[in-house]
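A short worksheet on the structure shown next.
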Amino acid sequence: MKVLVLNCGSSSIKYKLFDMDHKEVIAQGGIEKIGLKGSFLKLTLPDGEKKILEKDIPEHTVGVEFILNTLISSEYGAIKSLDEINAVGHRMVHGGEKFSESVLLTQEVLDAFTACNDLAPLHNPANLKGVNAVSAILPDVPQIGVFDTAFHQTMPDYAYMYAVPYELYEKYGVRRYGFHGTSHRYVSKRVCEFLGVQPEGKKIITCHIGNGGSVSAIKDGKCMDTSMGLTPLEGLMMGTRSGDIDAGAVTFIMDKENLDANGVSNLLNKKSGVMGIFGESSDMRDLENAVAAGNPRAILAEKMYFYRIKKYVGAYAAALGGVDIIVFTGGVGENQCNCRSEVCEGLEFMGVKVDLEKNKVRGEEAVISTDDSKVKVVVIPTDEELMIASDTMAILSK
């Protein structure tokens, strides 16, 4: 059984082709700059070598067709025929309150998904383009939608509601939805498998830390709270996003800088976070180098970044009534040992003890807490694509 997983952005398409009989990736890559000059497909060969194939890609259907042709090409192909693709799984960003689990993409489902466009105007239409492109090229292949927001639909109302007039929720769906749900679901499930325990009875805090970041509180395998909100802007300080900020500060800045809604959205989403404080880059590797060189703004940005994560871990331990397992994942969470140690420092009162030697791990599953730590601290590399492929298989086998 072969499943193609697509993650379509506004100007990009990432893909992985899985052989689900062996749960292995047999092809992967991505297209960038769709609709722009210099568009290309970057793929990873079986030996790990990267290859760039340049091509004019004006829109998503051409992009999907380019990916499919590459998958069956004599030089870079992983399969002999497109008939070998049994299903396509799509990352779908915002399902609102309509989707609490992955679903077969029927026209009825796609209409309901399109109705959520106001909640994710950049991402949802791009996701839909990918679905339509596959429909045009492989009309008989079933397609499955896996929603970023679905895992968080188990949050209780007192956790997801904002303290604004209730009619704003009724009229426009203004509430916390959360994102990175497929990642939080994958690592919260995988960590239990890794530790040999059942999700039931366990209180888990998952930290998906990267250029975008979020923390989730999970009890008995279900999400009880998460740091992102109506949009991915709320919560942690991120690469270019501000995270939590006083709404009064936002209106103050709008007034002083003569910004409209688009202007302030651009400021908070693209010019803030690490980039806003450090001023030179939003990449945590660049920040780490600048900290080592003694750059004072880099040092401040890093302290702010780690402090926000620690605050959410503490808050969610309180919300859950304790914590059994803390998981780090995402590009920073998996690879940056000082992030993990700084976040956990000072949490000894909660039973958290990190072994600094065990913590010297990058990109692999590992317990990094001491043997006598009451709370297990674990690194679990995320695999959202495998989660999407697994959901696709599960739905098709029903």
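All residue numbers in this chain count up from 1 along the given sequence.
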In this structure, would V377 and M350 fall into the same cluster of hydrophobic residues linked by side-chain contacts under 4.5 Å?
yes
Does G181 offer a backbone N or O that forms a donor-acceptor pair with the side chain of D148 under 3.5 Å?
no
S373 side chain to G351 backbone, donor-acceptor under 3.5 Å
yes
salt_bridge(D371, K358) N-O dist < 4.0 Å:
yes
Indicate, with yes or no, if the rings of F179 and H94 have centres closer together than 6.0 Å.
yes
Got H152 and H184 here, is their nearest side-chain heavy-atom distance under 4.5 Å?
yes
With no hydrogens and no angle check, is any side-chain donor or acceptor of D286 less than 3.5 Å from a backbone partner on S282?
no
In terms of side-chain heavy atoms, does S135 have a donor or acceptor partner in Q143 at a distance below 3.5 Å?
yes
What are the two closest heavy atoms between L396 and M1, and how far apart are they?
CD1-CE, 3.5 Å
Please assess V187 against V378 for the test side-chain contact (heavy atoms from CB on, under 4.5 Å), listing each intermediate value before the final yes or no.
CA-CA 10 Å; V187 298; V378 189; over 6 Å; no
With clusters defined by side-chain heavy atoms of hydrophobic residues (ILVMFWY) lying less than 4.5 Å apart, directly or transitively, does V146 cluster with L17?
no
Point-to-point distance, once rounded to the nearest 0.5 Å, from OH of Y186 to CE of M387:
8.5 Å
Going by atom type alone, with no hydrogens or angles, which donor-acceptor pairs under 3.5 Å involve a side-chain atom of residues 22-35 and a protein atom two or more places apart or on another chain?
unit_1 : atom_1 : unit_2 : atom_2 : d
H22    : ND1    : D19    : OD2    : 3.1

Any side-chain heavy atom of C223 sitting closer than 4.5 Å to one from M155?
yes
Once rounded to the nearest 0.5 Å, what's the spacing between atom CZ of F147 and atom CZ of F113?
6.0 Å
Check V5 against I388 and note the closest heavy-atom contact, atom names and distance.
CG1-CG2, 3.9 Å
Check: E84 main-chain N/O paired with S81 side-chain donor or acceptor under 3.5 Å:
no
Going by heavy atoms in the side chains, are Q336 and F328 under 4.5 Å from each other?
no
Is there a donor-acceptor contact under 3.5 Å from the side chain of S39 to the main chain of I57?
yes
So, does S272 use its side chain to make a donor-acceptor pair with the main chain of N269 at under 3.5 Å?
no
Test log, rule side-chain contact (heavy atoms from CB on, under 4.5 Å), inputs L287 and Y305
CA-CA 11 Å; L287 183 70; Y305 187 88; 5.5 Å; no
Is there a side-chain contact between V62 and K55 (heavy atoms, below 4.5 Å)?
yes
Closest heavy-atom contact between G276 and R297?
O-NH2, 3.8 Å
Any side-chain donor near an acceptor of the partner, S281 and D283, under 3.5 Å:
no
Hey, is the main chain of G77 close enough, under 3.5 Å, to the side chain of S73 for a donor-acceptor pair?
yes
Ion pair present between K222 and D220, side-chain N to carboxylate O less than 4.0 angstrom?
no
Going by an N to O cut-off under 4.0 Å, is there a salt bridge joining E193 and R190?
yes
Just checking E200: does its CD atom have more than 12 heavy atoms from other residues, nucleotides or ligands closer to it than 6.0 angstrom?
yes
Short question: side chain of N86, backbone of V3 - any donor-acceptor pair under 3.5 Å?
no
A side-chain contact here means heavy atoms from C-beta on lying under 4.5 Å apart; do T114 and N124 qualify?
no
Do V64 and L105 belong to the same hydrophobic cluster, where Ile, Leu, Val, Met, Phe, Trp and Tyr are linked whenever their side-chain heavy atoms lie under 4.5 Å apart, directly or via other members?
no
Among L4, I144, V131, whose side chain to side chain contact (heavy atoms under 4.5 Å, CB included) with H90 holds?
V131
Would you check if the side chain of E334 reaches a backbone N or O of T382 as a donor-acceptor pair within less than 3.5 Å?
yes
Please find the pair of heavy atoms, one from C344 and one from V352, that lie closest to each other, and give the distance.
CB-CG1, 3.9 Å
Give a yes or no on this: more than 12 heavy atoms of other residues, nucleotides or ligands lie within 6.0 Å of atom NZ of K2.
yes
Identify the two heavy atoms, one from S369 and one from K376, that lie closest to each other, and give their separation to 0.1 Å.
OG-CA, 3.6 Å
Could you see if L104 belongs to whatever hydrophobic cluster contains M393? Use Ile, Leu, Val, Met, Phe, Trp, Tyr and a side-chain cutoff under 4.5 Å.
yes
Determine, using the 4.5 Å side-chain heavy-atom cutoff (strictly less than), whether V327 and I368 are members of one ILVMFWY cluster.
no
Under 6.0 Å from the CD atom of E108, do we count more than 12 heavy atoms belonging to anything else shown?
no
Okay, side chain of S214, backbone of H208: is any donor-acceptor separation there less than 3.5 Å?
no
Residues N69 and E65: side-chain donor-acceptor under 3.5 angstrom
no
Looking at Y169, is R175 sitting on its ring face, NZ or CZ under 6.0 Å from the six-membered ring centre and within 45 degrees of the normal?
no
Whether over 12 other heavy atoms sit under 6.0 Å from Q198 CD
no
Run the numbers on Y316 and V323 for side-chain contact (heavy atoms from CB on, under 4.5 Å), then give the verdict.
CA-CA 8 Å; Y316 285 167; V323 58; over 6 Å; no
Are L230 and Y162 close enough that some pair of their side-chain heavy atoms sits under 4.5 Å apart?
yes
Assess whether atom OH of Y307 is packed by more than 12 heavy atoms of other residues, nucleotides or ligands within 6.0 Å.
no
In terms of side-chain geometry, is the basic nitrogen of R176 or E234 positioned less than 4.0 Å from the acidic oxygen of its partner?
yes
Going through the checks in order, is the side-chain contact (heavy atoms from CB on, under 4.5 Å) test met by C207 and V343?
CA-CA 10 Å; C207 306; V343 169; 5.7 Å; no
Would you say that more than 12 heavy atoms from the other residues, nucleotides or ligands in this model lie under 6.0 Å from the NZ of K310, or not?
yes
As a quick check of understanding, evaluate side chain to side chain donor-acceptor pair (under 3.5 Å) for E59 and T61, giving each step before the final call.
CA-CA 6 Å; E59 45 83 35; T61 303; 3.2 Å; yes
For a 4.5 angstrom cut-off between non-hydrogen side-chain atoms, does F66 reach T70?
yes
Heavy atoms only: give me the nearest G221-F151 pair and the separation to one decimal.
O-CE1, 3.6 Å
Mind checking whether I204 and C192 have side chains closer than 4.5 Å, heavy atoms only?
yes
